[in-house]
Asks: 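One structure is given below, represented as structure tokens, and several questions about it will come after.
As a basis for the values below, the full set of heavy atoms in this structure was taken, side chains included, without hydrogen atoms, waters or symmetry mates. We name chains A, B, ... by the order of the sequence lines, and we start the count at 1 in each one.
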Number of protein chains: 2
Amino acid sequence: MLNNSHYIDKLRSSGLRPTKQRIKICEILFNTEKTFHFTINDLVKKISKATNDKISLATVYNTVHAFKKKGYLKEIPINSDQSYFDTNTSHHHHFYDENQKDLIDIDDADVEPVKINTRIPGKKIKSVEVLVKVEDTE
Amino acid sequence: MLNNSHYIDKLRSSGLRPTKQRIKICEILFNTEKTFHFTINDLVKKISKATNDKISLATVYNTVHAFKKKGYLKEIPINSDQSYFDTNTSHHHHFYDENQKDLIDIDDADVEPVKINTRIPGKKIKSVEVLVKVEDTE
DNA sequence: TTCTACATTATAATAGTTCTAAACTGTTGA
DNA sequence: TCAACAGTTTAGAACTATTATAATGTAGAA
């Protein structure tokens, strides 16, 4: 389990104890070639497919929040009844398909850098996120 | 009540019956010089300050959704436990102050038009929304 | 005025998320 | 190695925003 030891190091180095629940969630989130978007509910389903040892819902929430805080996940701002997370933490934006209720990455090369020519005194910009809502052409 | 007759026309012309609840909510949302952001909870508080006849929570939700559908309000995509609405329906973007949990309009003149150089086949762009998260400079 | 479709209402129901407090476990240091 | 402790997990309750329900009310048309 080379991958696991990698996750153990990753967790430990960021001050998170490498518990078996967190390692399992790392495997599910970060073992794939492609990054992806998910809701807590999606993740719970993936976990129950991937393992027989169930992980409690509270732990899934705790872990996702911990990973987000450490920068291993990003939350995508979108009006929805549930939160969407992204395993792609590099800078990029999203399409949101309102018919399919589907989020799609926009390659950062396809978006001209967004220039904001104003600032709020005493504040610094933390992130600039673009959400492009699309719908079916009729 | 010149203003009220204006709202009555507005509602009627968009196919919404001008009920006293809707007219009251129009007064609260659209009688001000400046546009503003609000949550349902904010609006409920404003209503109870402005009138003695209480409006039921369900009606507040129904009305806000109806107004949004008619284009009198915009919903702001942001990760929050509640939905934020904007009485400014013109094209513009937002700062979100993560310390103060406060939304601030960005004058559209201060944002270079966002160019998206890719499309999804069969879909057309409905909106492009930029959310600039800011935090205190330390 | 009367009728009908649309609105409002109180309340229940739902769903996502957070809280709680007890049990468990990784890590540290003797 | 092992005790002790702090961090973690857990089941389930609690919480909160929102939506559904079904009865009552009301605007507008005939």
Asks: Given that B/Leu57 and A/Ala58 both sit by DNA chain D, which one's nearest nucleotide is further toward the 5' end?
Replies: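 Comparing both residues, the 5'-ward one is A/Ala58.
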Asks: Please state how far atom CZ in B/Phe67 lies from atom P in C/dA7, giving the value in whole angstrom units.
Replies: 11 Å
Asks: Start with the C-alpha distance between A/Tyr72 and A/Lys10, add both sets of side-chain angles, then the distance that settles side chain to side chain contact (heavy atoms under 4.5 Å, CB included), and finish with yes or no.
Replies: CA-CA 10 Å; A/Tyr72 302 149; A/Lys10 179 176 177 166; 3.6 Å; yes
Asks: D/dT9 C1' sits how many Å from A/Ile47 CD1, rounded?
Replies: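 Result: 13 Å.
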Asks: Starting at atom CG of A/Asn79, determine the distance to atom C1' of D/dT19, rounded to an integer number of angstrom.
Replies: 16 Å
Asks: Counting the atoms with a prime plus P, OP1 and OP2 as sugar-phosphate, which does A/Thr59 contact under 4.0 Å by heavy atoms, base, sugar-phosphate, or nothing?
Replies: base
Asks: Counting heavy atoms from C-beta on, name the nucleotide in C/dT9, D/dT18, C/dG26 closest to the side chain of B/Ser83.
Replies: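 Within the option list, the nearest is D/dT18.
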Asks: Look at the side chain of B/Arg17 and decide which nucleotide, out of D/dT26, D/dT10, C/dT8, has an atom nearest to it.
Replies: D/dT26
Asks: Looking just at side-chain N and O atoms, do A/Thr39 and A/Asp42 make a donor-acceptor pair shorter than 3.5 Å?
Replies: yes
Asks: Let's see if you can work this out: which of D/dT8, C/dT9, D/dT9 has an atom nearest to the side-chain heavy atoms of A/Leu16?
Replies: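 Per side-chain heavy atoms of A/Leu16, the pick is D/dT8.
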Asks: A/Ile40 versus A/Leu57: any side-chain heavy-atom pair under 4.5 Å?
Replies: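 Side-chain contact under 4.5 Å: yes.
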Asks: Tell me whether the OP1 or OP2 atom of C/dT9 has a side-chain N or O from B/Gln21 closer than 4.0 Å.
Replies: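 So the side chain of B/Gln21 is within the cut-off, an N or O lying under 4.0 Å from OP1 or OP2 of C/dT9.
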Asks: Does atom NZ of B/Lys124 have more than 12 heavy-atom neighbours, drawn from other residues, nucleotides or ligands, at distances under 6.0 Å?
Replies: yes
Asks: What is the distance, to the nearest angstrom, from the CZ atom on A/Arg12 to the P atom on C/dG26?
Replies: 10 Å
Asks: Using the side-chain heavy atoms of B/Lys54, tell me which of these nucleotides is nearest: C/dA10, C/dA7, D/dT10.
Replies: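 So the side chain of B/Lys54 is nearest to C/dA10.
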Asks: Separation of A/Asn41 atom CG from C/dT17 atom C1', in whole Å?
Replies: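 The answer, rounded to whole Å, is 12 Å.
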Asks: Applying side chain to side chain contact (heavy atoms under 4.5 Å, CB included), run through A/Leu103 and A/Ile76 and close with a yes or a no.
Replies: CA-CA 9 Å; A/Leu103 267 170; A/Ile76 303 168; 3.7 Å; yes
Asks: Looking only at side-chain N and O atoms, does B/His65 come under 4.0 Å of OP1 or OP2 in D/dT19?
Replies: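 Yes.
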Asks: Starting from C1' on C/dA15, measure out to CG on A/Asp81 and report it in whole angstrom.
Replies: 8 Å
Asks: When you get a sec, tell me which of C/dT8, D/dA17, C/dA5 is the closest nucleotide to the side chain of B/Tyr61?
Replies: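 Nearest listed nucleotide: D/dA17.
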Asks: Just the rounded figure in Å: distance from C1' of D/dG7 to NZ of A/Lys69.
Replies: 13 Å
Asks: Considering only side-chain heavy atoms of B/Pro18, which listed nucleotide, D/dT18, D/dT10, D/dA27, is closest?
Replies: D/dA27
Asks: Identify, between B/Thr19 and A/Arg22, the residue whose nearest nucleotide on DNA chain D lies closer to the 5' end.
Replies: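 Closer to the 5' end of DNA chain D: A/Arg22.
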Asks: Roughly, in whole Å, what's the span from CD1 in B/Ile78 to P in D/dA17?
Replies: 15 Å
